[in-house]
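Predicted model, so just to flag it, every value in this text is computed and none were measured.
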Amino acid sequence: MASSHGRSDLRFADWMASLPQSMHTIPLTNLAIPGSHDSFSFYIDEASPVGPEQPETVQNFVSVFGTVAKKLMRKWLATQTMNFMSQLEAGIRFFDLRISTKPRDPENELYFAHGLFSATVREGLEQISSFLSAHAREVVFLDFNHFYGMQNLHHEKLVTMLKEVFGEKLCPVVFAQEVTLQYLWEKEYQVLVFYHHPMALEVPFLWPGQMMPSPWANTTDPEKLIQFLQASITDRRRKGTFFVSQVVLTPKASTVMKGVASGLRETITESCHKPEAISFLFLCLLFPVMGFTRYDAVDQISKTRGERH
């Protein structure tokens with residue numbers, strides 16, 4: 001017998017297909033699309049080298065303390081607990097993706113990366129494509145917004161990979177206001193790729209990064225985060241474009257030092273249990289933005305609300 005949790009997952013897995021007909025012709029810029037931050041970081045390879053984007057201080061720290069340093073880093077780098085398939089089944093449709101090459105890798109393989117390396121890009125994309133093939137009316141937004149150690153040949157490799165994995169599912173660039181569920185369903189498009197690199201100007205299915213701005217509050221204070229989000233939402237709603245609302249608290253160096261052994265989840269998500277953060281995160285789901293949260297924050301907050309009643 002399926003559990004109630006299982007039935008809930010099934011409902012979220014096809015939430016776009018289940019929307020009322022009146023919403024099929026609304027531009028997707030006017031819908032709140034749930035997403036995840038550092039979407040690939042459910043897996044961090046502690047055996048991997050440090051990412052090329054890390055400052056010299058971090059590189060030196062790892063060279064001195066080795067595996068111990070990487071284990072501590074992982075506690076602060078992993079912002080997700082579910083893999084791509086599980087996120088999709090839970091309703092996530094926006095993915096925040098950072099891509100890197102590995103130093104001295106003769107294969108020139110592409111990896112997801114956040115301080116340390118994650119899975120290969122192809123592995124993650126194939127997981128997403130598999131879900132889309134089984135859910136023909138669901139649509140995803142892939143935001144490739146950071147590239148580390150990549151040259152033109154690596155970008156060309158990534159573009160080829162996107163074609164091979166998604167094929168006809170890729171939606172070519174059009175005016176943002178034209179993109180509705182009905183439009184995508186009629187064309188059988190399921191993937192919008194936003195690409196924060198000049199290569200986007202050369203490939204018809206790469207949406208330029210400026211079409212998906214992602215303002216960042218860079219704070220550990222929930223009240224400042226809420227003020228920042230409210231201001232950016234008001235501004236972007238007037239412009240009628242896609243944009244990301246980052247419901248993310250970012251640790252400072254002092255925050256990391258204070259909770260170095262406990263990690264991001266225990267240190268930062270305590271702030272999400274404050275009433276003002278709870279109220280805003282639920283309200284955010286009603287705004288025409290793309291919001292993403294750390295550590296399945298909506299699930300965390302749902303549990304908190306349950307405890308409060």
Side-chain angles (χ1 to χ4, degrees), residues 13 16-17 28-29 33 35-36 38-43 83-85 87-89 92-102 105-114 117-176 178-212 214 242 244 290:
M16 286 181 157
L28 292 187
T29 53
I33 311 291
S36 56
D38 281 320
S39 306
F40 50 85
S41 64
F42 52 85
Y43 170 66
N83 64 21
F84 285 126
M85 185 64 73
Q87 290 184 49
L88 286 159
E89 289 172 348
I92 296 299
R93 296 293 178 267
F94 171 92
F95 293 91
D96 166 33
L97 306 174
R98 295 125 193 266
I99 314 300
S100 182
T101 58
K102 269 187 183 176
D105 178 13
E107 301 297 324
N108 277 322
E109 188 58 80
L110 300 177
Y111 295 85
F112 298 115
H114 185 212
F117 289 88
S118 181
T120 66
V121 174
R122 180 176 288 275
E123 187 178 352
L125 297 183
E126 287 179 346
Q127 210 173 103
I128 294 171
S129 182
S130 176
F131 173 87
L132 293 175
S133 294
H135 302 268
R137 288 200 152 196
E138 299 305 299
V139 176
V140 298
F141 298 77
L142 306 182
D143 190 20
F144 291 87
N145 51 63
H146 287 72
F147 302 100
Y148 306 118
M150 289 182 60
Q151 302 173 359
N152 282 341
L153 65 94
H154 300 113
H155 286 284
E156 291 168 0
K157 180 174 183 174
L158 181 51
V159 168
T160 299
M161 189 186 304
L162 288 165
K163 290 178 182 176
E164 291 173 352
V165 173
F166 294 115
E168 299 301 314
K169 295 185 181 83
L170 293 163
C171 177
V173 180
V174 294
F175 288 111
E178 293 181 28
V179 183
T180 65
L181 286 173
Q182 181 171 301
Y183 170 83
L184 295 171
W185 292 342
E186 289 175 354
K187 303 283 187 180
E188 298 185 354
Y189 297 142
Q190 289 182 272
V191 182
L192 280 76
V193 177
F194 294 85
Y195 208 81
H196 297 247
H197 185 272
M199 175 70 75
L201 301 177
E202 304 173 19
V203 181
F205 64 79
L206 294 183
W207 294 61
Q210 61 264 33
M211 298 184 75
M212 183 66 80
S214 182
F242 291 113
V244 177
M290 292 195 177

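- The aromatic rings of Tyr111 and Phe117 sit perpendicular, their planes meeting at an angle over 60°, well past the 30° parallel limit.
- Among all heavy-atom pairs drawn from Asn152 and Met199, the shortest one is O-CE, 4.3 Å.
- The aromatic rings of Phe112 and Phe40 sit parallel, their planes meeting at an angle under 30°, below the 60° perpendicular limit.
- One finds the CD1 atom of Ile92 at 11.5 Å from the CD1 atom of Ile128 (value rounded to the nearest 0.5 Å).
- His196 and Asp143 form a side-chain donor-acceptor contact under 3.5 Å, judged by distance and modelled atom types alone.
- No more than 12 heavy atoms of other residues, nucleotides or ligands shown are found within 6.0 angstrom of CD on Glu188.
- Considering Phe94, Trp207, Tyr195 in turn, Phe94 is the only one that fulfils the side chain to side chain contact (heavy atoms under 4.5 Å, CB included) rule with Met212.
- In this structure, Ile99 CD1 and Thr120 OG1 are separated by 10.0 Å, a value rounded to the nearest 0.5 Å.
- A pairwise comparison of heavy atoms in Leu125 and Val165 identifies O-CG1, 3.6 Å as the closest pair.
- For Glu202 against Pro204, the heavy-atom pair with the smallest separation is O-CD, 4.0 Å.
- The aromatic ring centroids of His154 and Phe147 lie 6.0 Å or more from each other.
- Atom OG in Ser214 sits 7.0 Å away from atom CG in Asp96 (nearest 0.5 Å).
- Proximity of a side-chain donor or acceptor of Ser130 to a complementary backbone N or O of Glu126 within less than 3.5 Å is not detected.
- Rounded to the nearest 0.5 angstrom, Glu107 CD and Lys102 NZ are separated by 11.5 Å.
- For the atom pair CZ (Phe242) and CD1 (Ile33), the distance works out to 8.0 Å, reported to the nearest 0.5 Å.
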With side chain to side chain contact (heavy atoms under 4.5 Å, CB included) as the criterion, how do Leu110 and Thr101 come out once you've worked through the C-alpha distance, each side chain's angles and the decisive distance to 0.1 Å?
CA-CA 5 Å; Leu110 300 177; Thr101 58; 4.0 Å; yes
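- Here the closest non-hydrogen pair linking Lys169 and Ser129 is NZ-OG, 3.6 Å.
- No side-chain heavy atom of Cys171 sits under 4.5 Å from any side-chain heavy atom of Lys187.
- Taking the six-membered ring where the residue is Trp, Tyr148 and His146 present tilted rings, their angle falling between 30° and 60°.
- In this structure, the side chains of Leu206 and Val173 stay at 4.5 Å or more apart for every pair of heavy atoms.
- Of the inter-residue distances, the one linking Arg93 atom CZ with Leu192 atom CG reads 13.5 Å to the nearest 0.5 angstrom.
- Closest approach of Val174 and Met211 over heavy atoms only: O-CE, 4.0 Å.
- Each of Phe131, Phe144, Phe42, Phe84 was evaluated against Phe95; a single residue qualifies, Phe84, per the ring pair (Phe, Tyr, Trp, His ring centres under 6.0 Å) test.
- Between Ala17 and Arg137, the shortest heavy-atom distance links the atoms CB-CB, 3.6 Å.
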Start with the C-alpha distance between Leu184 and Gln190, add both sets of side-chain angles, then the distance that settles side chain to side chain contact (heavy atoms under 4.5 Å, CB included), and finish with yes or no.
CA-CA 7 Å; Leu184 295 171; Gln190 289 182 272; over 6 Å; no
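- Taking the side chain as every heavy atom from C-beta outward, Leu88 and Val140 approach each other to under 4.5 Å.
- In this structure, Gln87 contributes its side chain and Ser36 its backbone to no donor-acceptor pair below 3.5 Å.
- Between Phe194 and Phe141, the two ring planes are parallel [angle under 30°; tilted spans 30° to 60°].
- Among the candidates Gln127, Glu109, Glu164, the single residue satisfying the side chain to side chain donor-acceptor pair (under 3.5 Å) test with Arg122 is Glu164.
- The aromatic rings of Tyr183 and Tyr189 sit tilted relative to each other, their planes meeting at an angle between 30° and 60°.
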